[in-house]
Amino acid sequence: MSDPVTALVGPFIEFGFMRRALAGCLALSVSAPPVGVFLMLRRMSLMSDAMSHAILPGAAVGFLVAGLSLPAMTLGGLVAGLAVAGLAGAVTRTTALREDASLAAFYLMSLAGGVMLVSARGSQIDLLHFLFGSVLALDDAALTLLGGIATVTLAVLALIYRPLVMECVDPLFLRTVSRAGGPAHFAFLGLVVINLVGGFQALGTLLAVGLMLLPAVAARFWARDLGGLIAASVLIAVLASLSGLSLSYHLDLPSGPAIVLAAGALYLASMLAGPQGGLLRRLVRGRHLEA
Amino acid sequence: MTPPIRLVGLTLGYDRHPAVHHIDGTVRAGDLLALTGPNGAGKSTLLKALAGEIRPLDGRIERAEPVAYLPQADEIDRSFPLSVLDLAAMGLWRRLGPWRGLGRHRDAVIAALGAVGLSGFEARPIGTLSGGQFRRALFARLILQDCRLILLDEPFTGIDARTVEDLLALIRAWHGEGRTVIAALHDLAQIRAHFPQTLLLAREPVAWGATARVLTPEHLGRARRLSEAWDEDAPVCDGARHAGRVGQGDERGHGPREDAA
């Protein structure tokens, strides 16, 4: 363990399950952080947290119906998440209610409904599995799912990039020139949901939010423009996955939380040392310019 | 040539209470029309309806062509990491859509920014612009929209005299190109100096026609009295009362245009 590089990559060379975990986390690191960047810029950071609550009951219902089956739990989570996102988006666009309020209403209903269904069946679900995931036990199906989600996410983001940016910056203008705002908005909400569902395979529902948001928030301290933010967030997520998994192996820690804590540590470091408004940069101010 | 805008018994409002009541009239192609009246007179409401933002409570708007609209209270997120060039380039949406690249239009965007006095600002983040510079950038976006019909809602509030001069020159240039411009304004001296046509609004049209004939002390006094009354228990409007009055008073009727004489 003396050589840091060996310490970092050793476990992945040695063990197949570590390589699988890394592959899954890297797929998620490419797809979730760009979505998180848009959430952060739309001031909807906490929306992903609410969405993860909305997905949980769906996955639980899938578990109740089919046991610990990936397709059933994924489908359940997708249905619950897309229903909540769709209904909240529709209410926001047709009534006076704002997005955060309508989302809160629907995710609470989804969560309560899920809890009621689970307790009605009287089954003892291992909630910890949902909360903290099973990153060290990713099978082929789970890896395919994560890869598929990453592919779909990048493709859809590329397709809706321009209207999504316009919808974020100036929704009123986009409304007057085009009807693309609505479809772009709903496609984006769909991306949030599928990434959270994918993340719950690797990290568990609650921590899936971590790999979506922490890299995005940390990237704010490194980049100024949107392209830079997205690239920086992906890089930070990859670093967090690599170091988190490696640390969890060496120190015998649960791997899901280790990845998120690694992302958290990178966020704290960025906040301190980041060149774009980081704390140190603010304390050590350069002399002002001529003009 | 069909007129760019025709209003037929148009009533606009919120929650069934009319903010603009039974307005009829035609905006001709190439008009440079000022829209004025006290606060709460319905100017912004009328412009929103013309832009398609809100639907009429009653009556209808006949609009022949796409419109470029500068709202009074924009919903622009200035903290978004976007460059001035990208903001102005949004005006190209109708030509580029979601996927076509900027390509050869880049020069047009830079030229439009030059026309509003923002040369050299292309790469600046929008959050670093001053209020006046930001308004100039929005005018660059209007230029790139290249619409025959342009709606401006209080475009000069909160900006300095020099910027107002520059933007007024731009509006005069649009007028010279035969574009139709409707602007909501408060500065009567400015309207008298630059806008040949005026619609004086006070929840109903008080007068519409040549500016000198509209902005009389009598009309302005009447506009002040009419505005800002909001009756929670107002009866349902039957329309007939207003229909009868249209074209009756010389200042309200807009059938034969006053300036035609």
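Lettering follows sequence order; numbering is per chain, from 1. Both backbone and side-chain heavy atoms feed into the values below; hydrogens, waters and symmetry mates do not.
- Put simply, CD1 on B/Ile182 and CZ on B/Phe195 are 11.0 Å apart, with the number rounded to the nearest 0.5 Å.
- Counting heavy-atom pairs closer than 4.5 Å to chain B, the top-ranked of the candidates A/Val169, A/Asp225, A/Asp170 is A/Val169.
- The shortest heavy-atom contact between B/Leu12 and B/Pro56 is CD2-CA, 3.6 Å.
- With a threshold of 4.5 angstrom between heavy atoms, A/Arg42 does not approach chain B through any atom at all.
- Taking the six-membered ring where tryptophan is involved, the planes of B/Trp174 and B/Phe139 are essentially parallel, since the angle between them stays under 30° and well short of 60°.
- Of the two parts of B/Pro71, only the side chain, counted from C-beta on, holds a non-hydrogen atom closer than 4.5 Å to a non-hydrogen atom of chain A.
- Contacts between B/Ile76 and chain A at a heavy-atom distance below 4.5 Å involve backbone atoms as well as side-chain atoms.
- For chain A, no part of B/Leu70 is nearby; none of its heavy atoms comes within less than 4.5 Å.
- With a threshold of 4.5 angstrom between heavy atoms, B/Ser79 approaches chain A through its backbone and through its side chain.
- Here the closest heavy-atom approach between residue A/Leu28 and residue A/Pro33 is recorded as O-CD, 3.4 Å.
- For a residue to count as touching a neighbouring chain, one of its non-hydrogen atoms must lie under 4.5 Å from one of that chain's; by this rule A/Leu159 touches chain B with backbone and side chain alike.
- When all heavy atoms of A/Gly277 and A/Phe221 are compared, the closest pair comes out as O-CE2, 3.8 Å.
- Taking chain B as the reference chain and counting heavy-atom pairs below 4.5 Å, the highest number among A/Ala158, A/Cys168, A/Gly228, A/Ala184 is found for A/Cys168.
- In this structure, the portion of B/Arg141 lying under 4.5 Å from any heavy atom of chain A is its side chain and not its backbone.
- Contact annotation for B/Trp93: only side-chain heavy atoms (C-beta onward) come within less than 4.5 Å of a heavy atom of chain A.
- Judged by distance alone, the side chain of B/His175 and the main-chain N or O of B/Gly30 form a donor-acceptor pair under 3.5 Å.
- For chain A, the option among B/Cys147, B/Pro125, B/Pro66, B/Gly52 with the highest count of heavy-atom pairs below 4.5 Å is B/Pro125.
- The distance from the CD atom of B/Glu53 to the NZ atom of B/Lys48 is 7.5 Å, given to the nearest 0.5 Å.
- Counting heavy-atom neighbours within 6.0 Å of B/Arg95 CZ, excluding the residue itself, gives a total above 12.
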